[in-house]
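Scope of the values below: all heavy atoms of this structure, side chains included, with no hydrogens, waters or symmetry mates. Please read all numbers here as calculations on a predicted model, not as lab measurements.
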Amino acid sequence: MSYQDTNLWRTFEAFEGDRAKQEARRLAEQFIRSREHALLIAAEINRDFPDLTQHDISHIDALWGYADLICGEEYILNPAELYVLGISFLVHDLANGLAAIPGGLEALSESPRWRDVVAAEYRALHGVYPSPGSLTEAAAQVRERAIPRFLRETHAEYAATLPQSAYPDHTSGQSYYLIEDIELRTQYGHLAGRIAASHWWPSKALRQEFDVRIGARASMPDSWQVDPLVLACILRCADAAHLDSRRAPGLLRAVRKPSAESEAHWVFQDKLQKPHIKEDRLFYTSLSPFTREQSESWWLCYESLSALDHELSAVDSILSDSGRKRIQARSVAGIRDLEEISRNITTEGWHPIDARLKVTDVVSLVTRLGGKELYGGNPHVAIRELITNAADAVRAKKTMLEETGASPWEIFGDVTTALKESKDGTWLSVRDTGIGMSKDVLAGALLNFGTSYWDSVEARRDLPGLISSGFRPAGQFGIGFFSVFMIGDAVKVVSRRYDASADDTFVLEFKDGISRRPMLRTADAGERLATGGTEVQVLLKANVNEILSVGRSDSGDRSLRTFAEVCGWLCPALDVDLYVFQDGTRSLVVGADDWKTVDDEQLIDRLYVDHEPAELEELKKVLNGPLMAITTREGDVMARLAISRSIVKYDSEEDADDGPRYSTSTSFSAPIIVGGVRSSAAMDHAAGIVLGKPTRAARDIAVPLLEPADFGSWATRQALTLDNSSEEIPREALVSLIAELHGQTGELHIAESSVGKMTFLDVLEFCAAKDRIVFLQDAAWINYVHDARDTGDEGAIPRLSDDVLLASGGRGSALVGSRYGADDALFSWSFKGAYGYFIEPNSVTGLALRAIAQAWSVNEVDVFSTYDRSKRSKRRAETVGYVGDKRIRLKAMAVLERDVLTGGHEEGE
């Protein structure tokens, strides 16, 4: 059926009187001209969006028939309303193709939203966001993926402008318009565009935008008023209802070969037949059943019809509540009963049951995953997460202001924390002067557990250009806010967008955790924020001393500190100013990026509040020189470090024979910093700060942003200032750290033989004179020597054989963590599987193997391979030393022979 055969279209011909007929004819003729233009543009959609089902003129024309069906025969619109509705039909989906957008792709490239989508697609492909400078050089694959995504996200917004947009022809100098009649374009174009755009709005926005009826034009009958609310309701229902085989012909699907994600849309729409109406329900049916292989298409069909049912219900409420005539179709038949809907839309060989993953106890899930189960019950985590979110908000605001060209003195923002006493108890407050949140974000994105607002379509809409400008939020998982309920049940979130007025301050209030619904309300006069931003307030349910207590878990010493010290310890490297408000005074605790420039002692004091003062001073004395900056090639400081020697706490009793026995050794560990706050991971035996990235949602386990080799120059310089003093405990750990970070160990010992402890060059010279090297675990030899001494026989002094090298039996890790399960992530950072073997080149044992390769002039990979095979084989006892004339036989880790490696003999001969 042609659109001109619909009851709605015939309205153009149903009016009496010369003036009415003339105006109706004019509107009909002008619509037909506009339709001819739209037909050409719509035909281009599949070029830019080939996966999309039919959005050409056939979809546009079909909306007339669906509007007829949904409204019912008795629903009457006047010609002016029909014209506006028809134009909105034409343009509502037209911007799903670049041809509809004046200027095309070149114009899009200037849009912040376009750059955001390109950045999002880049991240989807590569796992990281691109640098702002590389966006213009994004690969063709990224741009091709970005085009349909951008068009889908923005087509409704562009629809608002299309009825009035000019399409210039640079050859002729002429401009074309969808609406040729300048009077109609001027008077109705804006309204038709807004109605077209509204099909992607939430239904609740319709009454706010379109509640006022528009009077008739001077040349038209007085009764030809336009009711935009009715037209917007008809458009969104007709568009949602157009689900039938005309939109997804099977032959066209075979030709276009849509992606797997889109194919389900094509399959289910190809199976659906045109619906019919009975009473007030739309009945959809399928001509052929959905097979088992097509079950996903059936469920997508079900979800689409459920969405239509929701639209029909919402529209019915809008029209009824506003006193307008209700449309006939108000629901989809059978949609609330799977058995009933499956009788109309049939299946073959399977039965639709709602077997999707369900979360019966959402509150319990959020409590666990947003609290102790994820974070381990540490109350400091909640403060860390709140400050992280606040810092993200400040960065976002500064970025947006910079993007809009604000003057430098207008770009400001900071974070202030406080502990406030009240009659109810102690309140923790974290206040930022950042981007702030609208009412919709407070009620939506903030409460959407597990979904980050920054990565959402809503963020690209609300804050265009933010992500593509280089803004990188520390909070990426959408769960950090919920950690606040670990420390309190009474929570208030007060927020005002940075570009809104004080009257637009809103409060989201939780009175009993997440077990009850929160209240969203307008802020009272005393709660309004003078500047944009957010304040989170939580009534602590635990003693405040738990917040002020810090200390090393291994020492059992958790002393009280000031709140300022705790905040500085938790957030030592923020790139925004962090203040603490106490006793009427606001004091700066951490300056933006000041960790890069403050003197060593000030930074050490901030980082190691968890050490007792006396111990802290002792550790400062044994630092291996000043903290050194480690930078990228571009000069960005990524770490500031020095090797931390250990101090030893001796037992009170000493054994005269064995010498003093120490009980513990202590050194600094440099925390891995994520988004300015510390994780539970650290670089062992180093002091300072290392910037990192999280390996899981809790952000407690993190690895450095730099690769181990990037620390090589620093590690080499550190090695130059270390010596081989036997008093250094544990000496091997420091050498191991330098090796793992690809440093040159220089004069430091990496192995031991019969001639004593040896440097890399010593090992090389030692091996050059040998044809066979036996690797013996140093711990095995130490234990043997210790046992021999216990016999009391002074003549029983073991000595090593001339071909034995003592080396570490395993490999260490430059990083350590305090949480169970951290080892794999931290371990794999410094060991990349360079040769595919357990021992790697950047290890102390690996250095010894590299020395052998050089000494024997053989391939390094072959040495590691042979060592690995020998180590994994059934090890036999080797003669590794002597006590007098008696041989000492111990199981060796591996045996390497020059002839085998150079090809002179087979291994094992």
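Listed for the Asn842 side chain is no donor-acceptor partner under 3.5 Å among the backbone atoms of His742. For the pair Thr721 (side chain) and Gln718 (backbone), a donor-acceptor distance under 3.5 Å is present. Looking only at distances, a side-chain donor or acceptor of Asp710 sits under 3.5 Å from a matching main-chain atom of Glu707. Arg645 places no side-chain N or O within donor-acceptor distance of the main-chain N or O of Leu722, the cut-off being under 3.5 Å. Listed for the Arg395 side chain is no donor-acceptor partner under 3.5 Å among the backbone atoms of Phe471. With hydrogens and angles disregarded, no donor-acceptor distance shorter than 3.5 Å links the side chain of Asp600 to the backbone of Pro626. Between the side chain of Lys770 and the main chain of Asp802, a donor-acceptor pair closer than 3.5 Å is present. Remark: the backbone N or O of Trp856 is not paired with any side-chain donor or acceptor of Arg898 at under 3.5 angstrom. Judged by distance alone, with hydrogens and angles left aside, the side-chain atoms of Arg606 form a donor-acceptor pair with the main-chain N or O of Pro572 at under 3.5 Å. Between the side chain of Thr845 and the main chain of Ser808, a donor-acceptor pair closer than 3.5 Å is present.
Between Ile387 and Leu570 there is no side-chain heavy-atom pair separated by less than 4.5 Å. Under the 4.5 Å side-chain criterion, counting only non-hydrogen atoms from C-beta, His380 is in contact with Val550. Put simply, the side chain of Leu623 reaches to within 4.5 Å of the side chain of Ser644, judged on heavy atoms. Put simply, the side chain of Phe831 reaches to within 4.5 Å of the side chain of Glu740, judged on heavy atoms. Put simply, the side chain of Glu840 does not reach to within 4.5 Å of the side chain of Phe864, judged on heavy atoms. Side-chain contact between Met638 and Thr632: present, with at least one pair of heavy atoms (C-beta onward) separated by less than 4.5 Å. Counting heavy atoms from C-beta outward, Ile647 and Thr666 have side chains that approach closer than 4.5 Å. Side-chain contact between Leu896 and Leu849: present, with at least one pair of heavy atoms (C-beta onward) separated by less than 4.5 Å.
Between Asn859 atom CG and Thr866 atom OG1 the span is 10.0 Å, to the nearest 0.5 Å. Here the CH2 atom belonging to Trp829 is positioned 8.5 Å from the OG atom belonging to Ser813, to the nearest 0.5 angstrom. Here the CD1-CD1 distance, from Ile643 to Ile738, works out to 4.0 Å after rounding to the nearest 0.5 Å. The CG atom of Leu761 sits 7.5 Å away from the CD atom of Glu747 when rounded to the nearest 0.5 Å. Between atom CZ of residue Arg640 and atom CE of residue Met628 there is a gap of 11.5 Å, rounded to the nearest 0.5 Å. In this structure, Arg145 CZ and Leu125 CG are separated by 4.0 Å, a value rounded to the nearest 0.5 Å.
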Side chain to side chain donor-acceptor pair (under 3.5 Å) evaluation trace for Arg869 with Ser865: CA-CA 6 Å; Arg869 285 198 305 273; Ser865 172; 2.8 Å; yes
Candidate pair Phe766 and Leu805, rule side-chain contact (heavy atoms from CB on, under 4.5 Å), full reasoning: CA-CA 10 Å; Phe766 174 83; Leu805 272 183; 4.2 Å; yes
Candidate pair Thr759 and Asp762, rule side chain to side chain donor-acceptor pair (under 3.5 Å), full reasoning: CA-CA 5 Å; Thr759 67; Asp762 294 336; 3.1 Å; yes
Pair Ile672-Leu815, side-chain contact (heavy atoms from CB on, under 4.5 Å): steps then yes or no: CA-CA 9 Å; Ile672 310 299; Leu815 306 180; 4.1 Å; yes
Glu612 and Arg561: CA distance, side-chain angles, deciding distance, salt bridge (Lys or Arg N to Asp or Glu O under 4.0 Å) verdict: CA-CA 11 Å; Glu612 281 301 300; Arg561 301 294 189 262; 3.6 Å; yes
Residues Trp595, Leu691; criterion side-chain contact (heavy atoms from CB on, under 4.5 Å); working and verdict: CA-CA 11 Å; Trp595 68 275; Leu691 298 189; 3.9 Å; yes
Intermediate values then yes/no, side-chain contact (heavy atoms from CB on, under 4.5 Å), Leu578 and Cys567: CA-CA 8 Å; Leu578 174 64; Cys567 289; 4.1 Å; yes
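Closest heavy-atom contact between Asp684 and Ser669: OD1-OG, 3.0 Å. Closest approach of Lys891 and Leu776 over heavy atoms only: O-CD1, 3.7 Å. Closest of all the heavy-atom pairs between Thr745 and Ala719 is O-CB, 4.1 Å. Across all their heavy atoms, Trp569 and Leu607 have their closest contact at CD1-O, 3.2 Å. Across Val735 and Ile750, no two heavy atoms sit closer than the pair CG1-CG2, 4.2 Å. Across all their heavy atoms, Leu574 and Val590 have their closest contact at N-CG1, 4.1 Å.
Between Phe775 and Tyr867, the ring planes are perpendicular. Angles over 60° get that label, and only those under 30° would be called parallel. Below 30°, between 30° and 60°, or above 60°: for Phe711 and Trp714 the angle between ring planes is above 60°, a perpendicular geometry. Taking the six-membered ring where the residue is Trp, His611 and Tyr608 present perpendicular rings, their angle passing 60° and hence far from 30°.
Checked against Thr695 for a side-chain contact (heavy atoms from CB on, under 4.5 Å), the options Leu826, Val703, Val674 give a single hit: Val703.
By the neighbour-count criterion of 12 heavy atoms within 6.0 Å, atom CD of Glu617 is densely surrounded, having more than that number from other residues, nucleotides or ligands. With a 6.0 Å radius and a threshold of 12 heavy atoms from other residues, nucleotides or ligands, Lys693 has its NZ atom at or below the threshold. More than 12 heavy atoms of other residues, nucleotides or ligands lie within 6.0 Å of CD in Glu565, so this atom counts as buried by the packing criterion.
A salt bridge between Lys596 and Asp575 is absent, with no side-chain N of the basic residue lying under 4.0 Å from a carboxylate O of the acidic one.
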